[in-house]
2 protein chains.
Amino acid sequence: MQREDAIFRALGDPSRRAIYERLARGEAPVKDLAARFEISQPAISQHLAKLRGVGLVSERREGRFVYYQVEPEGLRPLIDWIAHYRAFWPERVNRLRKLLKEMDE
Amino acid sequence: MQREDAIFRALGDPSRRAIYERLARGEAPVKDLAARFEISQPAISQHLAKLRGVGLVSERREGRFVYYQVEPEGLRPLIDWIAHYRAFWPERVNRLRKLLKEMDE
DNA sequence: CATTTAAATAAGCACGCGCTTATACGTCGG
DNA sequence: CCGACGTATAAGCGCGTGCTTATTTAAATG
């Protein structure tokens, strides 16, 4: 229940969240990310280090390439935190319920 | 789907999230918050302004007191964002499903 | 009314963050 | 081997952020 700060902060940066969203569609080496986004390769590496530091992302080394991918358990602290305060937004729960039902097809 | 930055950032600060969590247990005037937390009253007001700015909190004025309360719809962008990436953590969905069932009693 | 109380705003400061360029490290290909 | 490539790390810079104290505004109280 503590130290979700880092996860919130990690996703609070637009570039970093964009990188995470990109990785959510499939793993990618740093080079590809650096090509897709307009910031420099070091900036990408720094963002990846932070995402990795909070468990949102993991790496897979292959030769001189480093492939990054989304870590499924990474969002758990966020979900748990939100779930903990679910009593205070009952309508949201219903919406979530609908979302889950939509998945059942 | 855009500008969740502010919400992530708003909840990324420990003091601010603590204030939000406190308000989730019931509305409170600024004075009470300033008494409970160790930071100054202006700091509290500044945090409340940011929480209010992103729709996480709302105010109710009564005389010279200003009562703040959690805005139920405030977490919606967060939930929607997470829900959008739900495909990448199927086990989490099951956990949420369990939580929702637990609520049904 | 004058004073006190609740809250917001202003101004300033220290620190962290995101970015850059430069450099180092490791791996592959000629 | 040697040079190029992929990535990480180092160092520095500008700016935003969270805090403080001081001040302002507004409402209750004597």
Side-chain angles (χ1 to χ4, degrees), chain A residues 2-23 26-71 74 78, chain B residues 2-23 26-71 74 78:
Chain A
Q2 221 81 317
R3 290 293 75 78
E4 308 94 342
D5 306 25
I7 296 191
F8 277 115
R9 283 186 183 278
L11 294 173
D13 180 73
S15 302
R16 212 146 46 213
R17 205 177 57 260
I19 291 174
Y20 178 84
E21 292 171 355
R22 163 62 186 82
L23 290 179
E27 74 170 9
V30 179
K31 176 193 171 71
D32 287 15
L33 298 172
R36 192 167 314 256
F37 299 96
E38 291 189 350
I39 57 182
S40 67
Q41 173 266 316
I44 299 283
S45 287
Q46 288 161 15
H47 283 311
L48 288 171
K50 293 211 174 183
L51 289 173
R52 186 165 176 268
V54 299
L56 281 172
V57 147
S58 63
E59 64 178 33
R60 178 178 66 85
R61 296 176 177 276
E62 193 173 318
R64 53 184 166 179
F65 292 83
V66 182
Y67 294 85
Y68 282 86
Q69 57 184 346
V70 161
E71 194 64 30
L78 257 194
Chain B
Q2 219 81 318
R3 290 293 74 80
E4 308 93 342
D5 308 25
I7 296 190
F8 276 116
R9 284 186 183 277
L11 294 172
D13 180 73
S15 303
R16 213 148 44 215
R17 206 177 57 258
I19 291 174
Y20 179 84
E21 292 172 354
R22 163 61 187 82
L23 291 179
E27 73 171 8
V30 178
K31 177 191 169 75
D32 286 15
L33 299 172
R36 192 169 311 258
F37 299 96
E38 290 188 353
I39 58 181
S40 67
Q41 172 266 315
I44 300 282
S45 287
Q46 288 160 15
H47 283 311
L48 289 170
K50 293 210 173 182
L51 289 174
R52 187 165 175 271
V54 299
L56 281 171
V57 147
S58 63
E59 64 178 31
R60 176 177 68 84
R61 295 176 179 277
E62 194 173 320
R64 54 183 166 182
F65 294 83
V66 181
Y67 294 85
Y68 281 85
Q69 57 184 343
V70 161
E71 193 64 31
L78 257 194

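Just so it is clear: chains get the letters A, B, ... in the order the sequence lines come, proteins before strands, and each one is counted from 1.
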Per-nucleotide protein contact string for nucleotides 3-14 of chain C (B base, S sugar-phosphate only, - none; heavy atom under 4.0 Å) | -BBSBBBB----
Grab the CD-P distance between B/E62 and D/dA28 for me, whole Å please.
-> 10 Å
State plainly whether the residues B/D13 and A/R9 are in salt-bridge range, i.e. N to O under 4.0 Å.
-> yes
In whole Å, what is the span from the CG atom of A/L11 to the P atom of C/dC17?
-> 15 Å
Is a side-chain donor or acceptor of A/R22 paired with a backbone partner of A/G26 at a separation under 3.5 angstrom?
-> yes
Rounded distance (Å) that lies between atom P of C/dC17 and atom CG of B/D13 | 11 Å
Round to the nearest Å and state the distance from B/D5 atom CG to C/dG18 atom P.
-> 11 Å
Please work out if B/R9 contacts a base, only the sugar-phosphate, or nothing of the nucleic acid, heavy-atom cut-off 4.0 Å.
-> nothing
What side-chain donor-acceptor pairs closer than 3.5 Å can you find for residues 29-46 of chain B, not counting sequence neighbours?
| unit_1 | atom_1 | unit_2 | atom_2 | d |
| --- | --- | --- | --- | --- |
| B/S40 | OG | B/A43 | N | 3.4 |
| B/Q41 | NE2 | B/S45 | OG | 3.0 |

Can you tell me how far P of D/dG18 sits from CG of B/L51, to the nearest Å?
-> 10 Å
Closer than 4.0 Å, any side-chain N/O of B/S40 to the OP1 or OP2 of D/dT20?
-> yes
Taking all non-hydrogen atoms of both residues into account, name the closest pair between A/G12 and B/D5 and its distance.
-> O-CB, 3.7 Å
Taking CD1 from A/I39 and P from D/dC13, how many angstroms apart are they, rounded to a whole number?
-> 21 Å
Identify every side-chain donor-acceptor pair in residues 52-60 of chain B under 3.5 Å, counting partners at least two apart or on other chains, and give the distances.
| unit_1 | atom_1 | unit_2 | atom_2 | d |
| --- | --- | --- | --- | --- |
| B/S58 | OG | B/E71 | OE1 | 2.8 |
| B/E59 | OE1 | B/Y68 | OH | 3.3 |
| B/E59 | OE2 | B/R61 | NE | 3.0 |
| B/E59 | OE2 | B/R61 | NH2 | 3.2 |
| B/R60 | NE | B/E27 | OE1 | 3.2 |
| B/R60 | NH1 | B/E62 | OE1 | 2.4 |
| B/R60 | NH2 | B/E27 | OE1 | 3.4 |
| B/R60 | NH2 | B/E27 | OE2 | 2.4 |

Results of ring-ring contact (aromatic ring centres under 6.0 Å, His included) for A/F8 - residues two or more places apart only = A/W81
Rounded to whole Å, the CD1-C1' distance (B/I19 to D/dG18) equals 11 Å
